Amino acid sequence: MIVLAIETSCDETAAAVVARDGAATGRVLSNVVLSQLAEHRPFGGVVPEIAARSHLDHLDSLVQRALDEAGLGFDALDGVAATGGPGLIGGVFVGSMTAKAIAAARGLPFLAVNHLEGHALTARLTDGLAFPYLLLLVSGGHCQLVEVAGIGRYRRLGGTVDDAVGEAFDKTAKLLDLGYPGGPAVERAARGGDPRAVKLPRPMAGKPGCDFSFSGLKTAVRQARQQLALFDDQAAADLAASFQAAVADVLADRCGHALDSFAADTGQRGPLVVAGGVAANQVLRARLRHLSASQGTRLIAPPLDLCTDNAAMIGWAALERLALGLSDPLDFAPKPRWPLESLTGAADT
Ligand code: KG4
Ligand code: ZN
């Protein structure tokens, strides 16, 4: 089975062609991403209206590129998928209307894929991972620990009570004048810094449960920045490294608790999967890999281009749903909010 997939829920316009051969192995035939970074950079963040217009301008040619790179035409497809939410609603409309139009014109099934499910199932595309597994989903808008029991079967163990972790990276980058987007800029700056240079809090660490909080850490970074007598590149690097170390400590602590809950529920300790844009961070990956090894399990982290937003993950989630006989009606309404736990799979639809 082969699907064309579209992702337009934030500031990347993306299209991919993905195939599924046999039981569970996936092949990415093409995966093209057009970043809108340059268009949003002057504003220091994503401007939803600019994002939607840019998706509209570029999506048709990007879909054509994805098909060309795969060496396929519309007639080779078994389905057309788009992110149906959650995300910036203007962009989600552009992507899902385009996918619906192709599906209607070609008489193909349409699939509205939950963006978070795309991130959640990527480890099955890259590593053929079996259910169940524990997922740490860390992106610009989301930060949660989820038990993944099957397609459409997700149980949230905990999540952030305030900011998402990617948001904390982006705000820290702004406070340290490191530019936009924040995550990669903080990681780069931190390479030249001392992670023990600035004492920062570890919000929630040591507390029961699997929730996160990042707003206090962000405030502490602001205060530390204000108290500096001299703010130069080294001071920014030290603060970036200290912030990143605090995030690593918090994520490791919370994942440790989640592995305990997961083991109690499922009788198996892990594996732990990390997904979402923040999962691109090498320091955080190393820390989670260390935690997993010390707990007798393994960490699965997709390659960087499949961690940040992309359409291949949407295509793979669509293939998993298609294989279960699932698709969506053409009157599907795009959803700005769409929690993972509200999804259903084959057994419960
Ligand atoms: O999954 P994603 O591409 O988009 C959302 O669905 O939100 O995640 C984007 C987030 C941004 O906050 C970005 O700063 C963060 O992921 N990010 C990183 C890194 N690369 C991207 N955070 C930390 N370190 C990185 N290397
Ligand atoms: Zn994402």
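Hydrogens, waters and symmetry mates play no part in the numbers below; they use all other heavy atoms, side chains included. Start at 1 and go down the list; that is how both ligands and their atoms are numbered. For clarity, every value in this text was computed on a predicted model and none was experimentally measured.
Residue contact annotation: His119 has a non-hydrogen atom under 4.0 Å from ligand 1. Close to ligand 1: Gly141, with a non-hydrogen atom less than 4.0 angstrom away.
No option in Val274, Thr297, Leu157 other than Leu157 meets the side-chain contact (heavy atoms from CB on, under 4.5 Å) test with Leu134.
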For residues 59-77, which side-chain N or O atoms pair as donor and acceptor with protein atoms under 3.5 Å away, sequence neighbours left out?
unit_1 : atom_1 : unit_2 : atom_2 : d
Ser61  : OG     : His58  : O      : 3.1
Gln64  : NE2    : Asp68  : OD1    : 3.1

Side-chain donor-acceptor contacts of residues 90-108 below 3.5 Å, not counting sequence neighbours, with atom names and distances?
unit_1 : atom_1 : unit_2 : atom_2 : d
Ser96  : OG     : Val92  : O      : 2.7
Thr98  : OG1    : Val94  : O      : 2.7
Lys100 : NZ     : Leu330 : O      : 3.1
Lys100 : NZ     : Phe332 : O      : 2.6

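With sequence neighbours excluded, the residues forming a side-chain hydrogen bond (donor to acceptor under 3.5 Å, both in side chains) with Asp309 are His115, His119, listed by chain and number.
A cation-pi arrangement, defined by a distance under 6.0 Å to the six-membered ring centre and an angle within 45 degrees of its axis, is absent between Arg124 and Tyr133. Annotation: cation-pi pair Arg269/Phe262 absent, no NZ/CZ under 6.0 Å from the ring centroid and within 45° of its normal.
At a 4.0 Å heavy-atom cut-off, ligand 1 does not touch Pro181 at all. Counting heavy atoms closer than 4.0 Å to ligand 1, residue His115 contributes side-chain atoms (C-beta onward) but none from N, CA, C or O.
Distances from atom 13 (C) of ligand 1 to the heavy atoms of Asp11, Val165, Asp170 show the closest one on Asp170.
For Gly277, a nitrogen or oxygen atom sits less than 3.5 Å from a nitrogen or oxygen atom of ligand 1, counting backbone and side chain alike.
Protein heavy atom closest to atom 4 (O) of ligand 1, with residue, atom name and distance, is Asp309 OD2, 3.0 Å. Of all protein heavy atoms, the one lying nearest to atom 25 (C) of ligand 1 is Gly183 C, 3.6 Å.
Protein N/O/S atoms found under 2.8 Å from the Zn ion (ligand 2): His115 NE2, His119 NE2, Asp309 OD1.
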